[in-house]
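Reminder, nothing fancy here: chain letters follow the sequence lines and each chain counts from 1. Here the structure is a predicted model, which is why all the values come from computation and not from measurement.
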Protein chains: 2
Amino acid sequence: MQRPFVHPAVEDVTLESILYALADPTRLEIVKKLAGGSCGMNCSMAAPADLPKSTQSHHFQVLREAGLIRSERRGTEVVNALRCAELEKRFPGVIASILKASEKTKKR
Amino acid sequence: MQRPFVHPAVEDVTLESILYALADPTRLEIVKKLAGGSCGMNCSMAAPADLPKSTQSHHFQVLREAGLIRSERRGTEVVNALRCAELEKRFPGVIASILKASEKTKKR
DNA sequence: TCAATAGTTCGAAAATCTTGAACTACGGAA
DNA sequence: TTCCGTAGTTCAAGATTTTCGAACTATTGA
């Protein structure tokens, strides 16, 4: 827990890592939830309720390393936030259109 | 080879299957190549040159079942084409923005 | 009819993912 | 301050996916 989080610079974020991160249903779920709330969210808040913590942790790591989220330790918890603005600048429309599409799709 | 190809109806295509299919570097490469040419392309044409045929075949199957491409047998070969228009209607901007982003990224 | 081309199928080795168990860090209570 | 609970991480191994060689099928052209 002491190791600081590593976030890639926006210019180092690759499209592929983004797609890879979003291709997992659980991670897409997390991203959707983060996109919903305006401010950051801790891990257990953003992840599906029944997901084992070790799996949670793994998914957040993938999202972080892909450059999709920014994580910050706040006491005992970790606050995660989507890097929307930066990513929109780097890959215009990609995240936005995916999030929009995912909203339309979810009511099923 | 006799089995006919199965293509999902547009309305059955899921965002997740699309993202999953595109998240693989090889498959993204294939999709980019298909998006480049205006008409269909056979498998070996669209796939990276050195990719084993069995792997090729697998990737095309994934793309097909995800709903990204439509494949048709033409004599001994299979002609593949992106289902752009349909997908644009179902998931506006998703494929387009990804393709655009991938162009920007590729020059490296 | 035969050979060549284009792709598919199968099975097994290699690579990834998932998760329980044990652990670390921090904050609050006593 | 020490102890407990909460939040998250790490590790290792079992489960799942991917990859790809080898053998196969279909179709075309000679």
(message) With the threshold set at under 4.0 Å for non-hydrogen atoms, list the residues of residues 40-50 of chain B touching DNA chain C in residue-number order.
(response) B/Asn42, B/Cys43, B/Ser44
(message) According to salt bridge (Lys or Arg N to Asp or Glu O under 4.0 Å), does anything in residues 79-90 of chain B pair up with another residue at least two apart or in another chain? List the pairs.
(response) B/Arg70-B/Glu86, B/Arg83-B/Glu86
(request) List for me each residue that meets side chain to side chain contact (heavy atoms under 4.5 Å, CB included) alongside A/Ala9, sequence neighbours excluded, and say none if there are none. (result) A/Glu11, A/Asp12
(message) Please enumerate all residues that pass side chain to side chain contact (heavy atoms under 4.5 Å, CB included) together with B/Ala81, with sequence neighbours excluded.
(response) none
(request) Can you tell me the distance, in whole Å, between the CZ atom of B/Arg73 and the P atom of D/dT25? (result) 15 Å
Identify every side-chain donor-acceptor pair in residues 42-58 of chain B under 3.5 Å, counting partners at least two apart or on other chains, and give the distances.
residue, atom, partner, partner atom, Å
B/Asn42, OD1, B/Met45, N, 2.8
B/Asn42, ND2, B/Glu77, OE1, 2.9
B/Gln56, NE2, B/Leu51, O, 3.3

(message) What's the closest nucleotide to the side chain of B/His59 if the choices are D/dA7, C/dT8, D/dT19?
(response) D/dT19
(request) Round to the nearest Å and state the distance from A/Arg74 atom CZ to C/dA25 atom C1'. (result) 17 Å
(request) Might you confirm whether atom NZ of B/Lys33 has over 12 heavy atoms from other residues, nucleotides or ligands at distances under 6.0 Å? (result) yes
(request) Using side chain to side chain donor-acceptor pair (under 3.5 Å) as the criterion, list what pairs up with B/His59, not counting sequence neighbours. (result) B/Arg27
Check nucleotides 20-22 of chain D against the protein and report each pair of N or O atoms closer than 3.5 Å, with its distance, or say if there are none.
residue, atom, partner, partner atom, Å
D/dC20, OP2, B/Thr55, OG1, 3.3
D/dG21, N7, B/Ser54, OG, 3.1
D/dG21, O6, B/Ser54, OG, 3.0

(request) Could you list the residues that satisfy side chain to side chain contact (heavy atoms under 4.5 Å, CB included) with A/Gln61, not counting sequence neighbours? (result) A/Arg64, A/Glu65
(request) Look at the side chain of A/Asn80 and the backbone N and O of A/Met41, then say whether any donor-acceptor pair between them is shorter than 3.5 Å. (result) yes
(request) Would you indicate which nucleotide in D/dT19, C/dT9, D/dG8 comes nearest to any side-chain atom of B/Asp24? (result) D/dT19
(message) If the condition is side chain to side chain donor-acceptor pair (under 3.5 Å), which residues does A/Glu16 pass it with, not counting sequence neighbours?
(response) none
Check nucleotides 2-5 of chain C for protein N or O atoms closer than 3.5 Å to its own N or O atoms and list the pairs.
residue, atom, partner, partner atom, Å
C/dT5, O2, B/Thr76, OG1, 3.3

(request) Tell me, please, which residues at least two apart from B/Ser17 pass side chain to side chain donor-acceptor pair (under 3.5 Å). (result) B/Thr14
